[in-house]
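To keep things clear, I will list the structure first and then write my remarks on it.
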4 protein chains.
Amino acid sequence: MTTQLSPRRAPRQSRSQATVTAILDATAHILIEHGFAAASTNAVAERAGVSVGSLYQYFPNKDALVSAVRTRHGEQMMAVILRALTKAIDATLLDALTGLIEATVEAHRVDADLHRVLEQQLGDMDMDEHHGEYVRVMEDRIVVLLTRHRDEVTAPDLKLAAFMLLHAAHGLIHAVVLQRPKGISLKHATQEIGDMMTAYLTAPRRT
Amino acid sequence: MTTQLSPRRAPRQSRSQATVTAILDATAHILIEHGFAAASTNAVAERAGVSVGSLYQYFPNKDALVSAVRTRHGEQMMAVILRALTKAIDATLLDALTGLIEATVEAHRVDADLHRVLEQQLGDMDMDEHHGEYVRVMEDRIVVLLTRHRDEVTAPDLKLAAFMLLHAAHGLIHAVVLQRPKGISLKHATQEIGDMMTAYLTAPRRT
Amino acid sequence: MTTQLSPRRAPRQSRSQATVTAILDATAHILIEHGFAAASTNAVAERAGVSVGSLYQYFPNKDALVSAVRTRHGEQMMAVILRALTKAIDATLLDALTGLIEATVEAHRVDADLHRVLEQQLGDMDMDEHHGEYVRVMEDRIVVLLTRHRDEVTAPDLKLAAFMLLHAAHGLIHAVVLQRPKGISLKHATQEIGDMMTAYLTAPRRT
Amino acid sequence: MTTQLSPRRAPRQSRSQATVTAILDATAHILIEHGFAAASTNAVAERAGVSVGSLYQYFPNKDALVSAVRTRHGEQMMAVILRALTKAIDATLLDALTGLIEATVEAHRVDADLHRVLEQQLGDMDMDEHHGEYVRVMEDRIVVLLTRHRDEVTAPDLKLAAFMLLHAAHGLIHAVVLQRPKGISLKHATQEIGDMMTAYLTAPRRT
DNA sequence: TATGAATGAGCCTTCATTCAT
DNA sequence: GATGAATGAAGGCTCATTCAT
């Protein structure tokens, strides 16, 4: 999780770091504004204000470039979410869940459009080596969270419960953030998701 | 919901209908087996056993072709789901939900690979004109379903509840069907999703 | 040795044959006039009066194109030489040798410039799969020729003698044809080569 | 024939001389090991342990670089051959010829691979300004040699004889060294070439 | 002088689309 | 209508060469 690629406009930043960042930003921007098909290496280079040659100095090929954008985006999202997860250590189950959901919503909002584009166009390539790991990490963390509140949770299988939580919430957050349904405020939606999760976790179970 | 995409002349299925179907099938097949990048119009035409020229007789351009595949796929999924919704008219709330979920799982399973590929590569194009409509139709139907069981449902806002149901279930079904997590049977997962939905709908609400 | 690619302006010649020939000719021409470096696929296509696309309809890649040019050239040369070899069946040894040399000179003259360019630039690629075979065929034929005149030939090892003949003559012919030394007529040179070969073959051997 | 390609300042070998040598060596090495296509200026510079910038300090462009390699190689070969020619001053004609052939074989063997690569890729460039001169020098020397043995030589035109000798032997040596034919030892081949040359020079001439 | 990041023309190749047959 | 050869814009990528440090 060594995230060095993220924003950092601090004192020293090598020339090349700046160039790499510019290229990554340009790629993301074109991806968002014009889609994958328009993200030619020439277009990216031009928008980044560098030559194609320079682009290839830092990325061996186009796939690596898109991959890097995806990695950076994934790292940013994970960072936000894990921070929330850490902060929730001593909270109520509901508060913890709410915090996690809010963080995830926030993470998706950071770069909602990029997120949308990135979720597409990956099939061909390596289908994001990191994505699977992220999911696993989050499932584990949620299991830890649920374990800490074992007495309140009626669900027998915590691993299953974590899986359910994660993917139900993800589906909802996606719908809320990316489709921006009218008539439902983000705040309200977040709360409602928390309610659903809580209901699921604490509902009386059929013996 | 059985749609005819093109001129229809002969009783059962005209010559051209057959050609269109062949082209659509070929496209879907290549999409599934070799991915979007391999789905060139020439490749599609060859696999369909027609000339590129013929392909362009029925589809103005490649986008229209992929669009048609997506539309057909969407229609098939909708057909399955709506049938379940209709069948569930007189069922228990839980049975109705379970039936709906099962149907959705089934719909996704029908052509899981195509579904996956299709979820990618849309950004550029029209982002599925129909998809939004489908979602709306389903939300409406779910509202109808919930209304019929108004007394059991504690959720105050049925439109919101429908939204929640739809997207939470969708996220889960996607995860279950497309990622095929080990250790969780499809049947068990379906049931668990039903439980979550029920728990959400019938949980005691804070006043 | 099925040479179908050679000049033939006879009655029926399919459209594509003409196109292939045009491309091959264009390639040869550029190779001769401007060298390997200038023989870009685009340049070749333009000179051939077709589009790059068409070029790639007939040749999978640039290497295949150059390879085809080389093959065609080789076939043409072999045809000339083998014809001479066949014609020499009943001739004197000296006449046979002279005929062979004349034919080889002629073969080299056919497209001396192309020959020169082609002798270069092959290292990278397959180094002409055919070239080795050609050499072998010629050595064999020469052995046959020498055998027919066994009594006149003092050289003990005919295979070695064939090797010597072939490569000595080749070196000389190259020098004569490609460097066009002043002061030595082609005719005279050819005769002198014949003399050298005869001298070698019939010289008294140390026991 | 020891040539200094560049500014010379320090007594034995200046700093830059060493750099030039390193660059030349690197070029030759890459040419031999990976072929012309791989010999990019960047690759050469890297292997030489200098920067591209430095490379361009000593060679105005890539052609000049390859040219220099060719020149150096040619000089080395010439040195070997001329030494043999000088040593043969008082020898028998046969011994002189044999010595010359052996030297030439040796010269070709010194860097057979480089020789092979260098024989390619010249068309575009200056076609070796020196090569022609070398040939001329050698022809002259051979004429001198033959003159010294005028009584043994039946060939009337010594210039022509020298031409014949040079190019026949060259063709043979190339075949022997570069193609390494199986079944013929280098020693045996050298001897046979000597025999052919002698046979040619001393054969009875038709009046 | 040495360095090596930056440049960008140009190369090979693909593929959506057209149109003469 | 059907065919498929032909088209050529555009894309990914390389590499000789330059120039600010």
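Each chain gets a letter, A, B and so on, in the order its sequence line appears, and its residues count up from 1. Note: hydrogens, waters and symmetry copies are ignored here, and every other heavy atom, side chains too, is used.
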Requested in this report: Looking only at non-hydrogen atoms, find the nearest pair between Y58(C) and S16(C) and report the distance.
Outcome: OH-CB, 3.1 Å
Requested in this report: Using a cut-off of strictly less than 4.0 Å, decide whether T19(A) has a side-chain nitrogen or oxygen near OP1 or OP2 of dA6(E).
Outcome: yes
Report task. For S54(C), enumerate each residue passing the side chain to side chain contact (heavy atoms under 4.5 Å, CB included) test, keeping only those at least two apart in sequence or located in another chain. Result -> V50(C), S51(C)
Side chains of residues 35-46 of chain A: which donor-acceptor pairs under 3.5 Å do they make with residues two or more places apart or in other chains?
from: S40(A); atom 1: OG; to: A43(A); atom 2: N; distance (Å): 3.0

Report summary line: For K62(A) and Y56(A) the tightest heavy-atom approach is N-OH, 4.4 Å
Query raised in the report: Is any NZ, NE, NH1 or NH2 atom of the basic residue among D25(D) and R72(D) found under 4.0 Å from an Asp or Glu carboxylate oxygen of the other?
Result: yes
Query raised in the report: Can you tell me how far C1' of dG11(F) sits from NZ of K62(A), to the nearest Å?
Result: 8 Å
Report summary line: When pairs are called at under 3.5 Å and a stem needs at least three consecutive Watson-Crick or G-U pairs, the stems of DNA chain F are E:2-21 with F:2-21
**Report entry** Whole-Å gap separating P (dT18(E)) and CG (N61(B))
**Finding:** 9 Å
Report summary line: Sorted by chain and residue number, the side-chain hydrogen bond (donor to acceptor under 3.5 Å, both in side chains) partners of N61(C) (sequence neighbours excluded) come out as none
Could you go through nucleotides 7-9 of chain E and list every protein N or O atom that sits under 3.5 Å from one of its N or O atoms, giving the distance for each pair?
from: dT7(E); atom 1: OP2; to: S51(A); atom 2: N; distance (Å): 3.0
from: dT7(E); atom 1: OP2; to: S51(A); atom 2: OG; distance (Å): 3.1
from: dT7(E); atom 1: OP2; to: S54(A); atom 2: OG; distance (Å): 2.9

Report summary line: Heavy-atom closest pair (F59(D) atom, A68(D) atom, distance to 0.1 Å) is CE2-CB, 3.7 Å
Report summary line: In terms of heavy-atom contacts, A22(C) and A48(C) come closest through O-CB, 3.6 Å
Query - Distance in angstrom units between Y56(B) OH and dT7(F) P, rounded - result: 17 Å
Query - Nearest-Å distance for atom pair CZ/C1', residues F59(D) and dC15(F) - result: 18 Å
Query raised in the report: When all nucleic acid strands are considered with a 4.0 Å heavy-atom cut-off, which category describes Y58(A): base, sugar-phosphate, or nothing?
Result: sugar-phosphate
Report task. Rounded off to whole Å, could you give me the CD-to-P distance for the E46(C) and dA6(F) pair? Result -> 18 Å
Query raised in the report: What is the distance from CZ of F36(D) to C1' of dC15(F), rounded to the nearest Å?
Result: 12 Å
Query raised in the report: If each of T41(C) and A38(B) is mapped to the nucleotide of DNA chain E with the nearest heavy atom, which maps nearer the 5' terminus, i.e. the 5' end?
Result: T41(C)
Query - Partners passing side chain to side chain contact (heavy atoms under 4.5 Å, CB included) against I32(B) (at least two apart in sequence or in another chain) - result: D111(B), D113(B), L114(B)
